2 protein chains.
Amino acid sequence: MAKAKVGKRAPRYLQVCNDLVAMIRNGDVAVGDMLPTELELCDRFEISRHTAREALRRVEDMGLVERKRGSGTRVTAREAPVVYNQYVANMDELMQYGQATRLAICSAARDPVPAHLASALGCKPGQSVPHLVGLRSYRDQDSALPICVTEIWVPNASRAQEKDLLDLDQSERALYRVLDFSRLSRVRQTLSADNLGRAAADLLAADPDSAALVINRRYHDLDDRLILMAISTHPKERFRYSTELSAHGKSG
Amino acid sequence: MAKAKVGKRAPRYLQVCNDLVAMIRNGDVAVGDMLPTELELCDRFEISRHTAREALRRVEDMGLVERKRGSGTRVTAREAPVVYNQYVANMDELMQYGQATRLAICSAARDPVPAHLASALGCKPGQSVPHLVGLRSYRDQDSALPICVTEIWVPNASRAQEKDLLDLDQSERALYRVLDFSRLSRVRQTLSADNLGRAAADLLAADPDSAALVINRRYHDLDDRLILMAISTHPKERFRYSTELSAHGKSG
DNA sequence: CCGTAGAATATGTCCGGACAAATAACTATG
DNA sequence: CATAGTTATTTGTCCGGACATATTCTACGG
């Protein structure tokens, strides 16, 4: 981050920034403590407030401190985390199914939630919740084998949403509306493997003993409430999940 | 992003920032074109250079422009990409095995690469490459079943690295040195499912027909050269891969 | 025609000052 | 003692100016 060119000294605000980062890493100011105020830094380093602010801004950008008007600058972390980022531009890319595929809902009803999903859904076991089952396949290829079977639970649907979801003619569009991209804030997903089993094998025209990639996705809104949980079961060789993580910094 | 409180006007620099963003989105300035210079913005909006810079800084932070001293501000994108980030603090967290597990190498040799891996490894089929096989299990629990079997190929090892890797007493430490965290820049991984098969089932003490989660990880250095490829095969129920994606912005 | 030196241009760094707004600490009041 | 209002503190916004440094353009000379 700080270039070490010989005979070319770093800008003053970077020097101050580095000193502050060092103070934090050395534990001179503990996590939770306040950093010196801007005016104190001006005094101590003999700099203008502008330069002090530039230094603090860098420290803030590193994620080490939190600044609040009227209050001050509080240390929130001792080390800047080495962060690997996965960039996902949109929902389709996240799901990795692309525009060429399509989810055909084949059943939609209010069903009691199974015991093993109750806690994840934030429901009591046996509680009834809108529940869809569909098959994802490639568009324009009705003959091809489906990619996966997807089971969808919508625990916090509104009355209107539920009505649309349970109407097979509208449920696909309704799904997209429920999963409003702009309100989405977090997606948690868990990938595991399992043998297909009889029921899924029938739907997918595959061997029941065959291995399957199971992806459990939970979509949360800005208040971290669960909007929707989708469990997709992909028979082996019909789907692979790829990610690319880039080290901290700009990515391509 | 821009708060819309009534009777509480936004700061001037934010207004200017929004105007600039709008200009870019409307196509008034195309991607590749130059944005007005700081001094031009001072004139046009009747603001100080400080305010102009603050506005431009915001636009830059959105990833819409690129600024270069002596040159100017060039538009690099028409829309701020809706980005979902996965934050991974360190290598162990990326691998999700944690400190409690350990990889025990059980074989290390120079082996010819299988045909189906040749292109991914950037080698000719049949070319010999350092090749390790190990079992990952929980520390302090020799009795417990291993989590996975891992197959590792190191196509671009130096002479010295290769020597250490192929020495079973040193290969574990050597692996960590080869996978130098600081030189790592990209990790590509692909998750898929497969049935275990005879060989892996024997090593893992599992049913050969049982499903397995297969994770193929490719580690690349700053020049995007492949450092190492690791293929881990996890019998079902011994491992799950979880990620949490957060929408653009600070994450917790 | 090409390359170089210098001029013009644009962003980066840094100083000074002033007021606004949010927070926290304090004080007066019931 | 609890609460409301006041004050002091601290960061946010915004202005002015000056010089540094990187880039680009231009004119000159070979």
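None of the values given here were measured: they were computed from a predicted structure. We name chains A, B, ... by the order of the sequence lines, and we start the count at 1 in each one.
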Residue pair A:Thr51 / A:Arg12, side-chain donor-acceptor N/O under 3.5 Å: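 Their side chains do not contain a donor-acceptor pair, so the 3.5 Å distance test is not met.
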Does either side chain, that of B:Tyr241 or that of B:Gln189, offer a donor lying less than 3.5 Å from an acceptor on the other one?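 Result is yes, a qualifying pair exists.
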Would you check if the side chain of B:Gln15 reaches a backbone N or O of B:Ala10 as a donor-acceptor pair within less than 3.5 Å?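 Yes, because the side chain of B:Gln15 sits within donor-acceptor range (under 3.5 Å) of the backbone of B:Ala10.
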I need the [atom1]-[atom2] distance between [X] and [N], as an integer number of Å.
| X | N | atom1 | atom2 | value |
| --- | --- | --- | --- | --- |
| B:Met34 | C:dA10 | CE | C1' | 9 Å |
| A:Lys68 | D:dT10 | NZ | C1' | 12 Å |
| B:Leu41 | C:dT9 | CG | P | 17 Å |
| A:Ile47 | C:dG16 | CD1 | P | 10 Å |
| B:His50 | C:dC19 | NE2 | P | 17 Å |
| A:Glu40 | D:dT9 | CD | C1' | 11 Å |
| A:Arg74 | D:dT10 | CZ | P | 13 Å |
| A:Glu46 | C:dC14 | CD | C1' | 14 Å |

What do the steps show when you test A:Arg177 against A:Asp164 for salt bridge (charged side-chain N to carboxylate O under 4.0 Å, His left out), and what is the final call? CA-CA 10 Å; A:Arg177 276 199 301 275; A:Asp164 288 349; 3.2 Å; yes
If the cut-off is 4.0 Å, is [X] near the phosphate of [N], judged by side-chain N/O to OP1 or OP2?
| X | N | result |
| --- | --- | --- |
| B:Tyr13 | D:dT13 | yes |
| A:Thr51 | C:dT13 | no |
| B:Arg12 | D:dT13 | no |
| A:Arg49 | C:dC15 | no |

Using heavy atoms to find the nearest nucleotide of DNA chain D for B:Pro11 and B:Arg69 separately, return the residue whose nucleotide is more 5′.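 Upstream on the strand: B:Pro11.
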Per [X] side chain, nearest of listed nucleotides [options]:
| X | options | result |
| --- | --- | --- |
| B:Glu38 | C:dT11, D:dT23, C:dC14 | C:dT11 |
| A:Ser71 | C:dT11, C:dA24, D:dT24 | C:dA24 |
| A:Thr37 | C:dC15, D:dT10, D:dC14 | D:dT10 |
| A:Ser48 | C:dC15, D:dC15, C:dT11 | C:dC15 |

Parallel under 30°, tilted from 30 to 60°, perpendicular over 60°: which one fits the rings of B:His131 and B:Trp153?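 Ring orientation of B:His131 relative to B:Trp153: parallel.
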